[in-house]
Asks: 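Take this structure first; my questions come after.
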Amino acid sequence: MRADNAKETGNQTAAGLGYLTVTAKDTNVRPLPLIQSAVEPVAKLNPGETAVILDKVAESNSYEWVRGPFTSEQLLSSLNGKTTNSLPSVISSLEVAERGPSGRALTVKANGQVLDVRYPDMYRSAFNGLPSTLFDIEPTGSYTVLSANGATTSVSGGQTVAVISASGKGNVKGAGTVVLNGDGKARALENSSGFKFTGKGFGHGLGMSQWGAKGMADEGYDYKQILEHYYRNTIITKD
């Protein structure tokens, strides 16, 4: 939700999350901090209605962006024909397994198996057109609980979870449950399994902005000056 369509009330939930009051009519609640004309809002709120603030983030832009969440079916459709190995029937886990010196994804695994692409930049188109390969992947339909004895348990959105509250033990449905991590970050567990991509950058990661180079050319810089600006401490020679 856009921040200029609401105001914080100053009140908090028992977990320390703040409340906001909506100030504009038909305020869209979107799945991402991004205006997508082809994607329907999750809900619409009107003046006087309140909501809990799970997080405050910048609007997705060319430098810091968010895409998804994509379901297993959507990812498999996008991956079709872009990998040299066979795809699983369902993607239950997805992770960046190897990164280059700049942090960009070099290898991505689905269900523990490498998704082989001809070159790493193909992961951009393979995952529904990501702006760059400098990304992290977050599962939206599950979370992992670390117990006091060090054991881990995975909880999915379709499960009913036993919890211990101040009033005693009770059960909650996984989907829609708000979970907090150790840093106090909150998110709501979704009903279906999916994967959200958060990243930075816009392009191939080669270090030169095409629009920046055009701007320098328009101001009269020649190709050597432009290249030396973007690639410092280099010497340009003719073979």
Side-chain angles (χ1 to χ4, degrees), residues 1-5 28 30-39 54-70 74-75 77-85 91 94-110 114-140 181 183-185 187 194-239:
M1 182 191 301
R2 287 175 56 108
D4 54 1
N5 288 335
N28 288 322
R30 300 184 181 277
L32 295 177
L34 174 68
I35 296 176
Q36 299 169 292
S37 58
V39 178
L54 297 184
D55 198 5
K56 299 177 187 178
V57 296
E59 185 173 1
S60 183
N61 55 67
S62 297
Y63 301 101
E64 294 189 34
W65 47 265
V66 185
R67 293 292 186 274
F70 302 119
Q74 289 173 320
L75 290 174
S77 176
S78 181
L79 284 162
N80 187 35
K82 298 185 178 75
T83 63
T84 58
N85 58 339
I91 296 177
L94 195 65
E95 62 176 332
V96 177
E98 181 186 5
R99 296 183 185 274
S102 64
R104 285 172 164 75
L106 296 181
T107 304
V108 177
K109 288 184 178 181
V114 173
L115 294 171
D116 272 325
V117 293
R118 287 191 297 166
Y119 45 87
D121 197 60
M122 276 196 69
Y123 283 126
R124 295 169 64 195
S125 59
F127 295 130
N128 283 301
L130 301 179
S132 80
T133 53
L134 186 59
F135 59 78
D136 292 309
I137 306 171
E138 177 187 332
T140 60
N181 66 13
D183 297 324
K185 286 284 187 179
R187 72 177 176 95
F195 302 91
K196 182 174 70 175
F197 293 76
T198 58
K200 296 181 179 181
F202 193 92
H204 302 287
L206 297 180
M208 185 175 73
S209 166
Q210 296 177 46
W211 283 107
K214 180 184 183 301
M216 292 183 69
D218 290 342
E219 292 181 6
Y221 292 92
D222 63 27
Y223 76 93
K224 285 187 176 181
Q225 291 172 311
I226 295 173
L227 290 173
E228 288 170 349
H229 171 76
Y230 284 103
Y231 303 102
R232 304 295 174 89
N233 301 318
T234 59
I235 299 174
I236 301 173
T237 61
K238 184 176 181 179
D239 291 336

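The residues of the chain are indexed from 1 along the displayed sequence.
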Asks: Where is the tightest heavy-atom contact between Val108 and Ala105, given as atom of each residue plus distance?
Replies: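 Nearest heavy atoms, Val108 then Ala105: CG2-CB, 4.4 Å.
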Asks: Under 4.5 Å between any side-chain heavy atoms of Phe195 and Pro69, yes or no?
Replies: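 Heavy-atom side-chain distance check fails, nothing below 4.5 Å.
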Asks: Is any side-chain heavy atom of Glu228 less than 4.5 Å from a side-chain heavy atom of Ile236?
Replies: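 Glu228 vs Ile236: side chains touch.
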Asks: For a side chain to side chain contact (heavy atoms under 4.5 Å, CB included) check, start with the C-alpha distance between Asp136 and Val96, then their side-chain angles and the critical distance, and finish with the verdict.
Replies: CA-CA 7 Å; Asp136 292 309; Val96 177; 5.7 Å; no
Asks: Is there a donor-acceptor contact under 3.5 Å from the side chain of Thr84 to the main chain of Val117?
Replies: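 The answer is no, because no donor-acceptor pair under 3.5 Å joins these two groups.
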Asks: Side-chain contact, heavy-atom cut-off 4.5 Å: Ser209 with Tyr230?
Replies: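 Sidechains of Tyr230 and Ser209: in contact.
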Asks: Counting only heavy atoms not in Tyr231 (residues, nucleotides, ligands), do more than 12 fall under 6.0 Å from its OH?
Replies: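 Enclosed: over 12 neighbouring heavy atoms sit under 6.0 Å from OH of Tyr231.
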Asks: Kindly say whether Glu98 contributes a backbone atom to a donor-acceptor pair with the side chain of Thr107 at under 3.5 angstrom?
Replies: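 Looks like no, no N/O pair under 3.5 Å.
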Asks: Quick check: closest heavy atoms across Leu134 and Trp65, and the distance to 0.1 Å?
Replies: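 In terms of heavy atoms, the two residues are closest at O-CZ2, 4.1 Å.
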Asks: Under the side chain to side chain contact (heavy atoms under 4.5 Å, CB included) rule, collect the residues that match up with Tyr221, sequence neighbours excluded.
Replies: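 So Tyr221 forms a side chain to side chain contact (heavy atoms under 4.5 Å, CB included) with Met216, Glu219, Gln225, Ile226.
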Asks: So do Leu94 and Leu115 actually touch side chain to side chain, heavy atoms under 4.5 Å?
Replies: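 Yes, their side chains come closer than 4.5 Å.
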Asks: Please answer whether the main-chain N or O of Asp116 pairs with a side-chain N or O of Asn85 as donor and acceptor at a distance below 3.5 Å.
Replies: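 Here the side-chain-to-backbone pair exists.
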Asks: Answer yes or no: are there more than 12 heavy-atom neighbours, outside Tyr63 itself, under 6.0 Å from its atom OH?
Replies: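 Counting neighbours around OH of Tyr63, 12 or fewer heavy atoms of other residues, nucleotides or ligands fall under 6.0 Å, so no.
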Asks: Does any N or O in the side chain of Tyr123 come within less than 3.5 Å of the main-chain N or O of Leu130, such that one atom is a donor and the other an acceptor?
Replies: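 Side chain of Tyr123 to backbone of Leu130, a donor-acceptor pair under 3.5 Å: no, none is there.
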Asks: Do any N or O atoms from the side chain of Arg124 and from the backbone of Thr133 form a donor-acceptor pair under 3.5 angstrom?
Replies: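 Pair absent, no side-chain N/O of Arg124 close to backbone of Thr133.
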Asks: Quick one, Val39 and Pro31 - any side-chain contact, counting heavy atoms below 4.5 Å?
Replies: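 A side-chain contact under 4.5 Å exists here.
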Asks: Looking at CG of Asn128 and CZ of Arg67, how far apart are the two atoms once the value is rounded to the nearest 0.5 Å?
Replies: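 It comes to 10.5 Å.
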Asks: Can you confirm whether Ile91 sits close enough to Leu79 that some side-chain heavy atom of one is under 4.5 Å from a side-chain heavy atom of the other?
Replies: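 Of all side-chain heavy-atom pairs linking Leu79 with Ile91, at least one is under 4.5 Å.
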Asks: To the nearest 0.5 Å, what is the distance between CD on Glu59 and CZ on Arg2?
Replies: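 Between Glu59 CD and Arg2 CZ, I get 6.5 Å after rounding to 0.5 Å.
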Asks: When the ring planes of Phe135 and Phe197 are compared, do they come out parallel, tilted or perpendicular, using 30° and 60° as the limits?
Replies: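 Ring orientation, 0 to 90° scale: perpendicular.
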Asks: Let me confirm one number: the CZ-CG distance from Arg232 to Leu227, rounded to the nearest 0.5 Å.
Replies: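 If we round to the nearest 0.5 Å, Arg232:CZ and Leu227:CG are 12.0 Å apart.
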Asks: Would the distance check show the side chain of Ser125 and the main-chain N or O of Met122 forming a donor-acceptor pair, the cut-off being under 3.5 Å?
Replies: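 Confirmed, Ser125 side chain pairs with Met122 backbone.
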Asks: Within the side chain of Thr140, is there an N or O that forms a donor-acceptor pair under 3.5 Å with the backbone of Lys196?
Replies: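 No; judged by distance alone, with no hydrogens or angles, the pair does not exist.
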Asks: Flag yes if more than 12 heavy atoms outside Arg99 fall under 6.0 Å of its CZ atom; otherwise flag no.
Replies: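 Yes, CZ of Arg99 has more than 12 neighbouring heavy atoms, counting only those of other groups under 6.0 Å.
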Asks: Of the non-hydrogen atoms in Ala126 and Ser78, which two are nearest, and what is the gap between them?
Replies: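 Residues Ala126 and Ser78, closest heavy atoms: O-OG, 2.8 Å.
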Asks: Is it true that Lys224 and Asp222 make a salt bridge, defined as a side-chain N closer than 4.0 Å to a carboxylate O?
Replies: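 A salt bridge is absent here (no side-chain N lies under 4.0 Å from a carboxylate O).
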Asks: Considering residues, nucleotides and ligands other than Lys82, do more than 12 of their heavy atoms fall under 6.0 Å from its NZ?
Replies: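 More than 12 within 6.0 Å, yes.
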